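A short write-up of the structure that comes next.
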Amino acid sequence: MFLLLRLLPGDLAIAKLGIDATPESIVQLQQEFGLDRPIITQFFSWFGHALRGDMGVSMLTGVDIADEIINKAKVTLPLIAFASVLALSFAIPLGMYAALHFRRWDGISTSVVSQLGIAVPTFWVGVILVTIFAVIFQIFPSGGFPDVGWSAWASCLKSLTLPAITLALGQGAMLMRFARSATIDVIQQDYFRTARATGLTRGQALRIHGVRNALIPVVSVLGMQIATLIVGAIIVESVFALPGIGQMLLQDVGINDYTKVQGTVAATTAAVFFVSFLIDVTLNALNPKTRQRQ
Amino acid sequence: MSQTMSPVILEAMSLCRTFKLPRTSLSSARAERHAVVDIDLTVNIGDRLGIVGESGSGKTTLAKLLLCLDKPSSGVIKFKTQELPLADMAKFRREVQVVFQDPRSSLDPRMTIDQIIREPLECLNLQEDHDTRIDEVLDHVDLERKMRARYPHELSGGQRQRVAIARALAPRPTVLIADEPVSALDVLVRDEILQLLAGLTDNLGLTIILISHDLSVIARLCDKVVVMQHGRIVESGATENVFRSPQHQFTAELVAAVPRLPEIR
Amino acid sequence: MKRNRTLFLGVSLVSFSVVMALLSIFWTPYDPLEINPDSSLAKPSWSHLLGADVLGRDVLSNILVGSRTTLITAFLAVMITMVLGVIAGISASVSPRWFKSPAIYGIDIVLALPTVLFAIVLAAIYGPSTLTAVVAIGIATAAAVAQVTRREVNVILTSDFVIAAYASGSGKGRIIRRHILPNIRASLFIQASGASALAILAESTLSYLGLGTTPPAPSWGRMMASSQQYLLIDPIVALWPGFAIVITVLGFNLLGDGLREALDPTLRSSKL
Amino acid sequence: MSLLEVTNLVIRFGDKVVVDDLSFALDAGERLGIIGESGSGKTITSLAIMGLLPETATATGSIRFEGQELLSLNDREMSAYRGNRMGMVFQEPLTSLNPLMRVGKQIAQPLRNHRDLSLKASLARAIELCNRVGLPDPERIVRAYPHQLSGGQRQRIGLAIALACSPALLIADEPTTALDVTVQKEVLKLMNELVAQEGSSLIFVSHDLPVVSAMTETIAVMRSGKIVEHTTVSELFHNPRHEYSRKLIDTARATEAEFKRFAIGTS
């Protein structure tokens, strides 16, 4: 992990975070706990430990921070994964459909529909979904998560369903826009015309030539959206009272548990960089130009 | 070496330019591409020099080096015996000007023709009435003076290229470097611009360096020619000699490949 | 030419919000902070057009004043965003190599940093307030603007007319002033519009989480948070601030889309 | 009966008329050159014949091919003709090939669409086709991606795709404009041979008079969406009727004379 972070821009990320955010919190700590080591030393010592997966213990509750994060991630990660799968599975077909029927759909309708999805605040979607499915129809729980954790997987999934849909709607609307514009881009390419000149209909040409070419920008957008997804998760956890990382973070901010906030933010940022790196690598592998050179 | 008595104005000695290609992976070293390799070139005042070659032969890189818009990886360029870059670059820029291939992209779409031609006059601190000079150069390129208020997108391709030539002429240069000045134009317009360039070199006594992939364009305008392939000069000399009896096989291929009109009886 | 309906709709929605905000300076049906237990959770009626919340405060008045808070916060955040973003974007493309790569990395890093997370960190250090929200939103969205600006400036820098300007003796400063800024102006308007939408969303999210606008100043996000508890009794109250947010954000997004359509000729007629 | 008959073809983009009342016919085995400046509507006309007009364009009039009215066909019906009875070579060899797909598979595409060949059989055919368009080491070439090939090689691939199903009509839209002159010469020679072997008709679109007149027997001169003159090559050179054709020929002659002044004796 240490080596990986060294190789990535990620190491800079954490360094930057240290410069941006942590020195101030360390100053606070020094005042509260009377620590007087230089900030840099402090930072590097924390940084060094953090890289080994040791975030220290919470200054207020004495809990091991790394353990706590891993514990809470058991809710947050499945939520994010669930939401990403949902978002991709409706955004890409819809985006491509919209692109293929570009002229008929064009202008105001596509714009408004996808923009509406982006404009609606995540928490509001959550509230509306709760009203409909939890309050009126009572199909899903309105919030909370089974105390026993994933051993009761069915009820876990059930309590994640509404939050995941909430998260997926906003993300999906964004992805759909990108899927649509990426597809329109492919349709206007010369090679798309060549493909049709071989006797493919628009739909066939899109399936054979378009999907992969359009998917690359969409997936790279998804990589950039990891950050937004995490923010979304924080909000959704708060709406549905899910005991995840976001919920924990908000509580810690509330009670000024600086070391824990610092650890959580660092871990989250590292995760963001790690995932974007993975996506980068995947995309490079998909592209013959970067994969092999003559 | 040169038979002409006129003094040397631009001189390149063992000029090389290498580009580093982007890394293919984290571990591999960055590959290099040799765009211009070991070029020696002498331009005398009054020369009409053609540089011919196919795409990727390094013509444009060479032009940028001669214009001091790019730094050579090794080698020296001299302007009137002084090594480039000069301490006073404005002096060099006043004397050496350029016309690019695509008049659509070489004119700033947000500037009027007036502003475009005024730019070199202002930047190179020319001590004369700029308005009069703008009118003069517009006359040189046969554009109406009222064009000054227009924007590039309101002009045709040929008119835009005239504006680009006018901008180059504005600071009264001695050397004009034209990089594929007609290849983006339609056939008939191409002919007009070539006529214009020929007339200007005669009337203003310009030294011209014309870069083109098209031998007939070179034949039209140049008395000397340099043939480039893979970044190197493979042959050079008087246009007649080079085209009539090419010494290098590549030159021969180039000459033979020029599309001819069918023999119509 | 086809009329630009997207732009029209965007302008209308944004103007609607701006008018609401302006109106609230001179007039609101009630004092937005006035507590009136008699009208607690009142249904919409002629006396309370949009009803009242649990403390009997008039919802419409709060929405009106909230639009002011929202727009001012968004405006300030967007100012920070645009100034920082444009400076960072331009300097990351025109500066010498030793500065370039760190600058690009810096932009990438801030870009990967989630806005709300950043705001949470700031709030943790300085305590939640409108100011921290504005700064956090401003800085975090600046990275996106910087990214786009850098890309566009790079395209302009390699274009022939910039090379021609160098050949005409222009220096870097002049090229930025005369060639780069005028050519990215259109895109900056589009981006400012998009950034406003982002800022409004972020502000309401932060307020919803209790990290943004501090009480008692009315805020759409906080209205949502407080009405959520009474969802079972009165779901309508929670709808209004949501509508307000959606309309404003949608307005700015459509404004951006419309501007793009109006200013980018390549989108107007598809490729031949 | 003519192979292709275009009557009163009008193509509009919105209110803008780009092809204006165009009529011409092409017999089986005939070679027609369309010459004109940029924006004269020559490319749009060839796209219209292939049924590949952009969505924003509307075409009226009639295009009859092998007796069938093409303008009344929908995309699915039209695709039975494209790549089968008619093939097209495009201007930009780099962007006209899918960068993410091996070229062998791209050559195999028309065969799979129209000949019901299995992937394996069509790839074997692709190797033969590579051989036919003069590509060295076809087994290796079919496994390459477009970016690994040179411009000339890519345009040969384009030709292989267009000719895979032995079409009755080949449309070449400025096929050599993006190529170097030495490569242009080879590609034109190849195209000449292949079209002769197949016995197909050819529509060759270009702005370059020497190139067009070397490739075709008849020439249609286009200007602002109209055919201003349509006649045989020798008739055009001997007796150009339209002002614009005359200018084109004069310029081409002058350029050639200038060149010959230097290059006498070489051929």
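Model, not experiment: these values are computed from the prediction. Each chain gets a letter, A, B and so on, in the order its sequence line appears, and its residues count up from 1.
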Contact list for residues 75-88 of chain A, test salt bridge (charged side-chain N to carboxylate O under 4.0 Å, His left out), sequence neighbours left out: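 For residues 75-88 of chain A: none.
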Taking D:S96, D:A80, D:P167 one by one, which has the highest count of heavy-atom pairs under 4.5 Å against chain A?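 Highest number of pairs under 4.5 Å: D:S96.
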What part of A:I208 gets within 4.5 angstrom of chain D, counting heavy atoms only: side chain, backbone, both, or neither?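 For A:I208, the contact with chain D is made by backbone and side chain together.
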Check side chain to side chain donor-acceptor pair (under 3.5 Å) between D:H207 and all other residues, then give those that pass, not counting sequence neighbours.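 So D:H207 forms a side chain to side chain donor-acceptor pair (under 3.5 Å) with D:E174.
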Please test D:D75 against D:R82 for salt bridge (Lys or Arg N to Asp or Glu O under 4.0 Å), starting from the C-alpha separation and ending with a verdict. CA-CA 10 Å; D:D75 190 32; D:R82 286 195 299 257; 3.1 Å; yes
Crowding at OH, D:Y81 (>12 non-hydrogen neighbours, <6.0 Å):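 More than 12 within 6.0 Å, yes.
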Tell me, for D:L100 versus chain A, whether the close heavy atoms (under 4.5 Å) come from the side chain, the backbone, both or neither.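 The answer is both parts of D:L100.
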